[in-house]
4 protein chains.
Amino acid sequence: MRADALRNRERIISAAREMFVEQGADVPMDEVARRAGVGNATLYRHFPDRDELIHRVTLHVMERIIDQADSALTEETDAFEALGRFVHAAAEERIGALCPLISQAGDAKDHPETVEAGERLDRAINTLMERARSAGLLRPDVAVGDLMVAVTQLTRPLPGDGCSGFDGYVHRHLQLLLDGLRAPARSELPGSAATLEDLRQLS
Amino acid sequence: MRADALRNRERIISAAREMFVEQGADVPMDEVARRAGVGNATLYRHFPDRDELIHRVTLHVMERIIDQADSALTEETDAFEALGRFVHAAAEERIGALCPLISQAGDAKDHPETVEAGERLDRAINTLMERARSAGLLRPDVAVGDLMVAVTQLTRPLPGDGCSGFDGYVHRHLQLLLDGLRAPARSELPGSAATLEDLRQLS
Amino acid sequence: MRADALRNRERIISAAREMFVEQGADVPMDEVARRAGVGNATLYRHFPDRDELIHRVTLHVMERIIDQADSALTEETDAFEALGRFVHAAAEERIGALCPLISQAGDAKDHPETVEAGERLDRAINTLMERARSAGLLRPDVAVGDLMVAVTQLTRPLPGDGCSGFDGYVHRHLQLLLDGLRAPARSELPGSAATLEDLRQLS
Amino acid sequence: MRADALRNRERIISAAREMFVEQGADVPMDEVARRAGVGNATLYRHFPDRDELIHRVTLHVMERIIDQADSALTEETDAFEALGRFVHAAAEERIGALCPLISQAGDAKDHPETVEAGERLDRAINTLMERARSAGLLRPDVAVGDLMVAVTQLTRPLPGDGCSGFDGYVHRHLQLLLDGLRAPARSELPGSAATLEDLRQLS
DNA sequence: AATGAATGAGGGTTCATTCAT
DNA sequence: AATGAATGAACCCTCATTCAT
């Protein structure tokens, strides 16, 4: 790929990520192109339709979240602290805004690359959780899917514009969740623990 | 109001609530009308535009949630059990699908009726929380806004169709939240406690 | 017809005339009904469709204009003064706003009542003009159709709202027209003199 | 601008002008597009809404009328003949059908380009009138606004379709007006002379 | 490869007219 | 007779996607 084409591709993904965060997946494609500083047809050359664009943006954010999980694992000594750091870092990566998009992107969620990235993400977070669980700090009845769905949901932006003021509260709610995750369990959870793969097949 | 008109109005609200839950606030108005079994112009006679329809649906659900809070307060003896019952009942009322709609309905969130219903909701839930807090069962550093936002977020449906399989997991996550809410607090929360009014003004 | 029905009919015609003058023939029927203080279905009972309403309003104004012609004939001694008085009076009757409506009312302009009223109007104005012509005050190469079309056009309101400020100028332009009608003719007119019947058949 | 886009733009303006003349400002936008041989969205790309389309069409016709005024000034020796030629030429440019549209186009009449074109038009016609007035051929108590409103009104098409037969009479009425404008004045005019700017501010 | 331009399908809303009370 | 309510067709406008330069 030519160097300028690659640069365009990256600018489009970056613009799309920003706009998806701010305005959701329904943002007009022309607006994405304009924010990226390219013509609309250039956008379509790189991403044949909206689904493909969403697909690539979500893959991109999954990679970043995997990186965050790895960093937290490496750089934090306390196992539960590592989990907490990861949770708050995932929020900053806008997991709540971006990951749910995949359910709007046709069959993208079953695409091999998505599945594969999901597996790596599952492994990375599972490692984090396993370490905390082994240390007796994490309640034993939760799995990666539980954590990721809860974090995603708690950090989802409200539809429509302008509710960005809520961001300040998000970390409070994540902290409440983390307190609920701490061992020992204070109640019995209904249902059963879910992996990311379980969730993917459900959706 | 004429009897048939009232019946139509109720059928429209009911259809709209169902479709908002299933497909979000962007459902075509004509589809809502069709589901309600009326012509599209009948819908517009009752609700001059989409904002008004959303406004009335959200008011309706707020009333139902207030009722749930009152029931929980009356019928449960354990104060924390009451809170838990209310949280799960609010999920069943689809608080996560319906309350966020108000931010998509223009100025509806500042409408006097919405404000007033919000105040009553705040009082009802505050009573529930106060009772649990007095009994030493609820951590003292949370307020109504914290609870309601977290519950709303955790129960929001994913965008797009068909992810209804997640519903089974929602109650797990609510339970995690409730465990995090229990006294004693396991960590210090960032930021400060919010009332519903605080949140309304933010949004 | 019952007394209250007759009263309603008159209120509707009156409301329609006002609104046609202010907003043109495209005013919503429901608005006419509201201005008249009746239900919309009552309007439709009296006038089966918009064309019929326009038809009746224009007949009504034609009668009033005939009256104005008769008054001018009777009450003015100078024959050209009588013509001038009539022209300005027709403007006040909103001939320019109301008579053109008939061309928007389907086949109403060929309705026997319209034809008959047109004939009476033609006779009345012709009498006025003939008297002025006999007195050597009116140029001989103009007929009723010329006068009425020119007066109608010069007094037509602009489409859209709010241009009522123009009214002040209308009488200036009518006066210019009257000066052009005075004998002796200052130029030769193209085409030939037209009766109202000529015009009706054209339109 | 690309050559094909420019061609489309001109075809749209041309189609719109024809249809505005025939059917008024309320023609469906889709019909204009169809007459122009383009898709409806192409029309909207060039003219974001109906107001903008009207705005551009009226600007276009104003330019053509200015040209007519200049031609009449240059090519006619007799000063009143020049005025007469201009008046009839303005009628052929459909001034009566097109200029009133501007009052239906939102704030277009206060748009700088419209104001500026109006000023040039005022100057061009004022030159014509001044020359005739200096030659003692034009009555002194009229101004540009008087002339233009009268010409516009006398040449306005009737609402609705099909009354094109009237066109033959229009030049008769313009001639009557011109005879009324000739010096010496045969009566005193009510009100005061108006410039185009006066009229714009009124409307 | 990049892009401005074109397009057709779809959704929101209005309104003339008809229906039911 | 009077009326509030219901309706479907029409129109404006947007946008995802394709085409032509």
Side-chain angles (χ1 to χ4, degrees), chain A residues 1-9 26-34 37-51 53, chain B residues 1-9 12 26-34 36-53, chain C residues 1-9 26-34 37-51 53, chain D residues 1-9 12 26-33 36-51 53:
Chain A
M1 185 181 290
R2 259 162 52 175
D4 57 345
L6 187 61
R7 194 166 55 248
N8 276 344
R9 185 181 176 89
D26 297 332
V27 64
M29 296 291 269
D30 282 21
E31 293 293 310
V32 175
R34 200 153 59 82
V38 302
N40 60 351
T42 301
L43 191 161
Y44 278 95
R45 166 174 294 275
H46 286 283
F47 308 96
D49 58 19
R50 177 189 296 275
D51 284 359
L53 178 59
Chain B
M1 187 179 283
R2 251 162 58 176
D4 54 348
L6 188 60
R7 192 164 56 249
N8 276 341
R9 186 182 176 88
I12 291 168
D26 297 331
V27 281
M29 296 290 270
D30 284 20
E31 293 295 310
V32 175
R34 201 153 56 83
V38 301
N40 59 355
T42 300
L43 190 162
Y44 279 97
R45 163 180 282 269
H46 286 282
F47 308 97
D49 57 21
R50 176 187 297 276
D51 283 358
E52 185 68 16
L53 179 58
Chain C
M1 187 180 289
R2 261 163 49 177
D4 57 346
L6 188 60
R7 194 165 56 248
N8 275 344
R9 185 181 176 89
D26 297 331
V27 65
M29 296 291 268
D30 282 22
E31 293 293 310
V32 174
R34 202 154 56 83
V38 302
N40 59 352
T42 302
L43 191 161
Y44 278 94
R45 166 174 294 275
H46 286 283
F47 308 96
D49 58 19
R50 177 188 295 276
D51 284 358
L53 179 59
Chain D
M1 185 180 282
R2 250 163 58 177
D4 55 347
L6 188 60
R7 192 165 56 248
N8 276 342
R9 187 183 175 89
I12 292 167
D26 297 331
V27 281
M29 295 290 270
D30 284 20
E31 292 294 311
V32 175
V38 302
N40 59 354
T42 300
L43 190 162
Y44 280 99
R45 162 180 281 269
H46 286 283
F47 307 96
D49 58 21
R50 176 188 297 275
D51 284 358
L53 179 59

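As the structure is a prediction and not an experimental result, all values here were calculated from the model.
DNA chain E is contacted by both A:Gly37 and D:Asn8; A:Gly37 maps to the nucleotide lying nearer its 5′ end (nearest heavy atom per residue). Nearer to the 5' terminus of DNA chain F, by closest-nucleotide assignment, is the contact made by C:Ala5 (compared with the other of B:Leu43 and C:Ala5).
Looking only at side-chain heavy atoms (C-beta outward), A:Arg45 and A:Asn8 stay at 4.5 Å or farther from each other.
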Fill in: Summary of protein contacts for nucleotides 14-21 of chain F, nucleotide by nucleotide, where a base hit scores B, a sugar-phosphate-only hit scores S (4.0 Å, heavy atoms)
BBSBBB--
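In DNA chain E, runs of at least 3 consecutive Watson-Crick or G-U pairs, each pair with both distances below 3.5 Å, span E:2-21 with F:2-21.
In this structure, CZ on A:Arg9 lies 10.5 Å from CG on A:Leu43, to the nearest 0.5 angstrom. Atom OH of residue C:Tyr44 and atom CE of residue C:Met29 lie 4.0 Å apart, to the nearest 0.5 angstrom. Within the model, atoms CG of C:Asn40 and OG1 of C:Thr42 stand 7.5 Å from one another, a figure rounded to the nearest 0.5 Å. Remark: D:Arg50 CZ to D:Leu53 CG distance equals 8.0 Å, nearest 0.5 Å.
When rounded to the nearest whole Å, the span between CG of D:Leu53 and C1' of F:dC11 equals 15 Å. One atom, CG of D:Leu6, and another, P of E:dA6, lie 10 Å apart when rounded to the nearest Å. With rounding to whole Å, A:Arg7 atom CZ is found 15 Å from E:dA1 atom P.
Contact annotation: A:His46 does not reach the phosphate of E:dA1 (side-chain N/O to OP1 or OP2, under 4.0 Å). Checking the phosphate oxygens (OP1, OP2) of F:dT7, a side-chain nitrogen or oxygen of B:Thr42 falls inside 4.0 Å.
C:Arg34 is linked by a salt bridge (Lys or Arg N to Asp or Glu O under 4.0 Å) to C:Glu31, counting only residues two or more places apart in sequence or in another chain.
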